Engineer: 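Following this message is one structure expressed as C-alpha coordinates.
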Amino acid sequence: MAADTLVYVEKFVKPGVSLLEIDKIVYDYTLSQNAVPATLGYHGYPKSICTSVNHVVCHGVPDNYLLKEGDIVNIDVTTKFDGFFGDSSKTFAVGKVSESAQKIIDTAKEAMEIGIKAITPYGTTGDIGFEINKFVTRKGYSTVKEIGGHGIGRKFHQDPFVPSFGKKGKGEKLIPFYCLTVEPMINEGTDEILEFPIPGSSHSHYETKDKKLSAQFEHTILITESGYEILTLP
Ligand code: MF3
Ligand code: CO
Ligand code: CO
(Lines give C-alpha, C1' and ligand atoms only; values in the text may rest on other atoms or scores of the structure.)
(Ligands and ions follow the chains in the order given, each with its own letter.)
Protein backbone atom coordinates (compact mmCIF):
# COMPACT_ATOMS: atom_id res chain seq x y z
CA MET A 1 0.00 0.00 0.00
CA ALA A 2 2.85 2.40 0.74
CA ALA A 3 4.34 1.54 -2.66
CA ASP A 4 1.01 1.94 -4.48
CA THR A 5 0.55 5.30 -2.78
CA LEU A 6 3.85 6.52 -4.21
CA VAL A 7 2.73 5.43 -7.69
CA TYR A 8 -0.64 7.13 -7.20
CA VAL A 9 0.85 10.40 -5.97
CA GLU A 10 3.40 10.82 -8.78
CA LYS A 11 0.96 12.41 -11.26
CA PHE A 12 0.21 15.19 -8.76
CA VAL A 13 3.85 16.18 -8.32
CA LYS A 14 3.96 19.17 -10.66
CA PRO A 15 4.95 22.83 -10.53
CA GLY A 16 2.30 24.81 -8.65
CA VAL A 17 1.02 22.07 -6.36
CA SER A 18 1.39 22.70 -2.64
CA LEU A 19 2.90 20.23 -0.20
CA LEU A 20 -0.34 20.38 1.80
CA GLU A 21 -2.33 19.32 -1.26
CA ILE A 22 -0.07 16.30 -1.72
CA ASP A 23 -0.47 15.48 1.97
CA LYS A 24 -4.28 15.61 1.63
CA ILE A 25 -4.17 13.42 -1.50
CA VAL A 26 -2.21 10.77 0.43
CA TYR A 27 -4.46 11.08 3.49
CA ASP A 28 -7.63 10.53 1.41
CA TYR A 29 -6.11 7.73 -0.68
CA THR A 30 -4.89 5.88 2.42
CA LEU A 31 -8.24 6.12 4.21
CA SER A 32 -10.02 4.94 1.03
CA GLN A 33 -8.03 1.73 1.37
CA ASN A 34 -9.05 1.34 5.01
CA ALA A 35 -5.44 1.92 5.99
CA VAL A 36 -3.87 4.51 8.29
CA PRO A 37 -1.19 7.10 7.41
CA ALA A 38 1.33 6.10 10.05
CA THR A 39 3.11 9.41 10.54
CA LEU A 40 -0.11 11.28 11.43
CA GLY A 41 0.06 11.76 15.20
CA TYR A 42 3.23 9.65 15.47
CA HIS A 43 5.07 11.17 18.45
CA GLY A 44 3.11 14.31 17.68
CA TYR A 45 4.06 14.50 13.99
CA PRO A 46 1.25 16.54 12.39
CA LYS A 47 0.91 15.21 8.82
CA SER A 48 0.36 12.05 6.73
CA ILE A 49 3.67 12.19 4.84
CA CYS A 50 7.09 13.79 4.93
CA THR A 51 7.93 16.11 2.02
CA SER A 52 11.59 17.06 1.87
CA VAL A 53 12.39 19.67 -0.79
CA ASN A 54 15.88 20.37 -2.20
CA HIS A 55 18.24 20.90 0.79
CA VAL A 56 15.81 19.30 3.26
CA VAL A 57 17.34 15.95 4.20
CA CYS A 58 14.25 14.30 5.73
CA HIS A 59 11.07 14.73 7.80
CA GLY A 60 10.05 17.92 5.99
CA VAL A 61 6.55 18.76 7.21
CA PRO A 62 4.06 19.52 4.39
CA ASP A 63 3.13 23.23 4.39
CA ASN A 64 1.75 25.72 1.88
CA TYR A 65 5.00 25.81 -0.15
CA LEU A 66 4.24 25.51 -3.86
CA LEU A 67 6.52 23.13 -5.72
CA LYS A 68 8.27 24.88 -8.58
CA GLU A 69 9.95 23.74 -11.77
CA GLY A 70 13.45 22.48 -10.98
CA ASP A 71 12.76 21.41 -7.39
CA ILE A 72 13.42 17.90 -6.17
CA VAL A 73 11.12 16.51 -3.49
CA ASN A 74 11.29 13.33 -1.46
CA ILE A 75 7.87 12.01 -0.54
CA ASP A 76 8.02 9.52 2.31
CA VAL A 77 4.93 7.36 2.82
CA THR A 78 4.38 5.03 5.74
CA THR A 79 1.16 3.04 5.75
CA LYS A 80 -0.26 0.98 8.62
CA PHE A 81 -2.62 -1.83 7.71
CA ASP A 82 -3.76 -4.87 9.63
CA GLY A 83 -1.28 -4.08 12.41
CA PHE A 84 1.78 -3.80 10.17
CA PHE A 85 3.82 -0.86 8.89
CA GLY A 86 5.22 -0.40 5.38
CA ASP A 87 7.65 2.48 4.73
CA SER A 88 8.82 3.70 1.33
CA SER A 89 10.03 6.94 -0.20
CA LYS A 90 11.09 8.35 -3.52
CA THR A 91 12.66 11.60 -4.66
CA PHE A 92 10.75 13.15 -7.56
CA ALA A 93 11.88 15.76 -10.07
CA VAL A 94 9.40 18.63 -10.35
CA GLY A 95 9.06 19.44 -14.04
CA LYS A 96 12.41 19.83 -15.78
CA VAL A 97 15.33 19.78 -13.36
CA SER A 98 19.03 20.58 -13.77
CA GLU A 99 21.48 17.88 -14.74
CA SER A 100 23.00 17.99 -11.26
CA ALA A 101 19.59 17.59 -9.60
CA GLN A 102 18.79 14.58 -11.79
CA LYS A 103 22.20 13.11 -11.03
CA ILE A 104 21.73 13.19 -7.25
CA ILE A 105 18.26 11.61 -7.66
CA ASP A 106 19.67 8.80 -9.79
CA THR A 107 22.61 8.26 -7.43
CA ALA A 108 20.34 8.11 -4.37
CA LYS A 109 18.17 5.46 -6.05
CA GLU A 110 21.22 3.42 -7.02
CA ALA A 111 22.66 3.80 -3.50
CA MET A 112 19.49 2.28 -2.05
CA GLU A 113 19.59 -0.56 -4.59
CA ILE A 114 23.26 -1.26 -3.83
CA GLY A 115 22.48 -1.26 -0.10
CA ILE A 116 19.66 -3.74 -0.61
CA LYS A 117 21.88 -6.02 -2.73
CA ALA A 118 24.41 -6.11 0.14
CA ILE A 119 21.86 -7.91 2.33
CA THR A 120 22.62 -11.54 3.07
CA PRO A 121 20.97 -13.67 5.75
CA TYR A 122 23.31 -13.69 8.77
CA GLY A 123 25.25 -10.78 7.27
CA THR A 124 25.30 -7.44 9.11
CA THR A 125 23.97 -3.91 8.90
CA GLY A 126 27.59 -2.81 8.41
CA ASP A 127 27.68 -4.72 5.10
CA ILE A 128 24.81 -2.55 3.87
CA GLY A 129 26.33 0.72 5.09
CA PHE A 130 29.77 -0.12 3.73
CA GLU A 131 28.51 -0.67 0.17
CA ILE A 132 26.29 2.42 0.23
CA ASN A 133 29.06 4.71 1.49
CA LYS A 134 31.66 3.32 -0.93
CA PHE A 135 29.34 3.87 -3.90
CA VAL A 136 28.13 7.31 -2.83
CA THR A 137 31.56 8.75 -1.99
CA ARG A 138 33.02 7.46 -5.29
CA LYS A 139 30.28 9.40 -7.07
CA GLY A 140 31.43 12.53 -5.21
CA TYR A 141 28.52 12.75 -2.76
CA SER A 142 28.38 12.24 1.01
CA THR A 143 26.13 10.04 3.15
CA VAL A 144 24.15 11.25 6.15
CA LYS A 145 25.43 9.47 9.26
CA GLU A 146 23.01 10.45 12.05
CA ILE A 147 19.84 9.08 10.45
CA GLY A 148 19.22 5.87 8.53
CA GLY A 149 17.12 2.77 8.14
CA HIS A 150 15.40 0.87 10.91
CA GLY A 151 13.67 -2.33 11.84
CA ILE A 152 9.94 -2.25 11.09
CA GLY A 153 6.96 -4.55 11.49
CA ARG A 154 4.28 -4.27 14.13
CA LYS A 155 6.20 -1.15 15.18
CA PHE A 156 7.08 1.79 12.91
CA HIS A 157 10.66 2.06 14.18
CA GLN A 158 12.59 -0.63 16.03
CA ASP A 159 16.07 -2.14 16.10
CA PRO A 160 18.31 -2.55 14.20
CA PHE A 161 19.58 0.85 13.03
CA VAL A 162 20.62 0.54 9.38
CA PRO A 163 23.44 3.01 8.70
CA SER A 164 24.47 4.38 5.31
CA PHE A 165 28.13 3.89 6.21
CA GLY A 166 30.02 1.26 8.16
CA LYS A 167 32.37 -1.68 8.09
CA LYS A 168 31.76 -5.09 6.56
CA GLY A 169 30.87 -7.64 9.21
CA LYS A 170 30.18 -4.99 11.87
CA GLY A 171 26.91 -3.77 13.29
CA GLU A 172 23.82 -5.86 13.91
CA LYS A 173 23.29 -9.34 12.50
CA LEU A 174 20.62 -9.72 9.80
CA ILE A 175 18.49 -12.62 10.96
CA PRO A 176 15.92 -14.24 8.62
CA PHE A 177 12.43 -12.78 9.10
CA TYR A 178 13.74 -9.49 10.42
CA CYS A 179 12.10 -6.72 8.47
CA LEU A 180 13.98 -3.45 7.97
CA THR A 181 14.26 -0.39 5.78
CA VAL A 182 17.16 0.68 3.59
CA GLU A 183 16.90 4.46 3.13
CA PRO A 184 20.19 6.24 2.45
CA MET A 185 20.15 10.03 2.48
CA ILE A 186 22.86 11.45 0.27
CA ASN A 187 24.14 15.01 0.05
CA GLU A 188 25.69 16.95 -2.79
CA GLY A 189 28.11 18.70 -0.43
CA THR A 190 28.93 18.24 3.22
CA ASP A 191 27.45 15.41 5.29
CA GLU A 192 26.84 17.93 8.09
CA ILE A 193 23.18 18.47 8.82
CA LEU A 194 21.18 20.93 10.91
CA GLU A 195 18.35 19.79 13.17
CA PHE A 196 15.12 21.79 13.50
CA PRO A 197 12.47 20.80 16.03
CA ILE A 198 8.97 20.11 14.68
CA PRO A 199 6.57 22.02 16.95
CA GLY A 200 4.43 19.68 19.06
CA SER A 201 6.48 16.67 18.02
CA SER A 202 9.45 14.81 19.45
CA HIS A 203 10.76 14.47 15.88
CA SER A 204 12.92 16.98 14.07
CA HIS A 205 13.37 17.85 10.47
CA TYR A 206 16.88 18.05 9.04
CA GLU A 207 18.56 20.19 6.41
CA THR A 208 22.01 20.19 4.85
CA LYS A 209 24.32 22.65 6.58
CA ASP A 210 25.59 24.06 3.29
CA LYS A 211 22.07 24.26 1.75
CA LYS A 212 23.15 22.02 -1.13
CA LEU A 213 20.82 19.28 -2.37
CA SER A 214 19.97 16.05 -0.56
CA ALA A 215 18.11 13.04 -2.00
CA GLN A 216 16.77 9.76 -0.67
CA PHE A 217 14.95 6.56 -1.61
CA GLU A 218 13.52 3.95 0.77
CA HIS A 219 12.21 0.39 0.63
CA THR A 220 10.98 -2.01 3.31
CA ILE A 221 12.81 -5.34 3.09
CA LEU A 222 12.19 -8.77 4.57
CA ILE A 223 15.27 -10.90 5.29
CA THR A 224 14.64 -14.51 4.28
CA GLU A 225 16.58 -17.76 4.73
CA SER A 226 17.85 -17.50 1.16
CA GLY A 227 18.20 -13.73 0.75
CA TYR A 228 15.65 -10.96 0.98
CA GLU A 229 12.35 -9.79 -0.41
CA ILE A 230 11.52 -6.14 -1.19
CA LEU A 231 8.05 -5.63 0.30
CA THR A 232 7.42 -2.14 -1.08
CA LEU A 233 7.70 -2.82 -4.82
CA PRO A 234 4.56 -1.47 -6.55
N1 MF3 B 1 9.06 7.62 7.25
C2 MF3 B 1 10.19 8.12 8.04
C3 MF3 B 1 11.22 7.00 8.01
O4 MF3 B 1 11.61 6.62 6.95
C5 MF3 B 1 9.83 8.46 9.42
C6 MF3 B 1 8.99 9.65 9.58
S7 MF3 B 1 8.64 9.84 11.24
C8 MF3 B 1 8.03 11.39 11.32
O9 MF3 B 1 11.60 6.42 8.96
F10 MF3 B 1 7.56 11.53 12.51
F11 MF3 B 1 8.96 12.27 11.04
F12 MF3 B 1 7.07 11.48 10.41
CO1 CO C 1 11.90 4.55 7.36
CO1 CO D 1 10.04 6.51 5.51
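Computed from a predicted model, the values in this text were never measured in an experiment. Both counts, for ligands and for their atoms, begin at 1 and track the order of listing.
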Engineer: Among all the protein's non-hydrogen atoms, which is closest to atom 8 (C) of ligand 1, and how far away is it?
Structural biologist: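 Of the protein heavy atoms, Y45 CD1, 3.7 Å lies nearest.
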Engineer: Would you say the side chains of H43 and S201 form a donor-acceptor pair under 3.5 Å?
Structural biologist: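 The criterion, which ignores hydrogens and geometry beyond distance, is not satisfied for S201 and H43.
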Engineer: Quick one: which ligand 1 atoms are inside 4.0 Å of a heavy atom on E218?
Structural biologist: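 Counting atoms of ligand 1 from 1, those under 4.0 Å from E218 are 4 (O).
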Engineer: Looking only at protein heavy atoms, identify the closest one to atom 2 (C) of ligand 1 and say how far it is in Å.
Structural biologist: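 I find the closest protein heavy atom is D76 OD2, 3.4 Å.
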Engineer: Test V97 against D71 for side-chain contact (heavy atoms from CB on, under 4.5 Å), laying out the working first.
Structural biologist: CA-CA 7 Å; V97 300; D71 282 344; over 6 Å; no
Engineer: Mind checking whether E183 contacts ligand 1 via backbone (N, CA, C, O), side chain (CB onward), both or neither, at a 4.0 Å heavy-atom cut-off?
Structural biologist: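 Side chain only.
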Engineer: Do the side-chain N and O atoms of T107 and E110 include a donor-acceptor pair separated by under 3.5 angstrom?
Structural biologist: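 Short answer, no.
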Engineer: Using a 4.0 Å cutoff against the non-hydrogen atoms of C50, which atoms of ligand 1 qualify?
Structural biologist: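 Those of ligand 1 that fall under 4.0 Å from C50 are 6 (C), 11 (F), 12 (F).
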Engineer: Tally of protein N/O/S atoms under 2.8 Å from the Co ion (ligand 3)?
Structural biologist: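 Counting protein N, O and S atoms closer than 2.8 Å to the Co ion (ligand 3) gives 4.
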Engineer: Show every salt bridge (Lys or Arg N to Asp or Glu O under 4.0 Å) that has at least one partner inside residues 77-96, sequence neighbours left out.
Structural biologist: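 Found E10-K90.
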Engineer: Does H150 put an N, O or S atom under 2.8 Å from the Co ion (ligand 2)?
Structural biologist: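 An N, O or S atom of H150 is closer than 2.8 Å to the Co ion (ligand 2), so yes.
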Engineer: In the protein, what heavy atom is nearest to atom 9 (O) of ligand 1, and what distance, to one decimal place, separates them?
Structural biologist: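 Among all protein heavy atoms, the one nearest atom 9 (O) of ligand 1 is H157 NE2, 2.8 Å.
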Engineer: Report yes or no: do N187 and T208 form a side-chain donor-acceptor pair below 3.5 Å?
Structural biologist: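 No, no side-chain donor-acceptor contact under 3.5 Å.
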Engineer: Pairs of nitrogen or oxygen atoms closer than 3.5 Å, one from T39 and one from ligand 1: do any exist?
Structural biologist: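 N/O-N/O distance below 3.5 Å does not exist for this pair.
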Engineer: Classify the contact between H150 and ligand 1 as side chain, backbone, both or neither, using a heavy-atom distance cut-off of under 4.0 Å.
Structural biologist: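 Answer for H150: side chain.
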Engineer: Which residue supplies the protein heavy atom nearest to atom 3 (C) of ligand 1, what is that atom called, and how far is it?
Structural biologist: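 Nearest protein contact, heavy atoms only, for atom 3 (C) of ligand 1 is D87 OD2, 3.3 Å.
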Engineer: Group every Ile, Leu, Val, Met, Phe, Trp and Tyr by side-chain heavy-atom contacts under 4.5 Å, then state whether F81 and L31 land in the same group.
Structural biologist: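 Different clusters.
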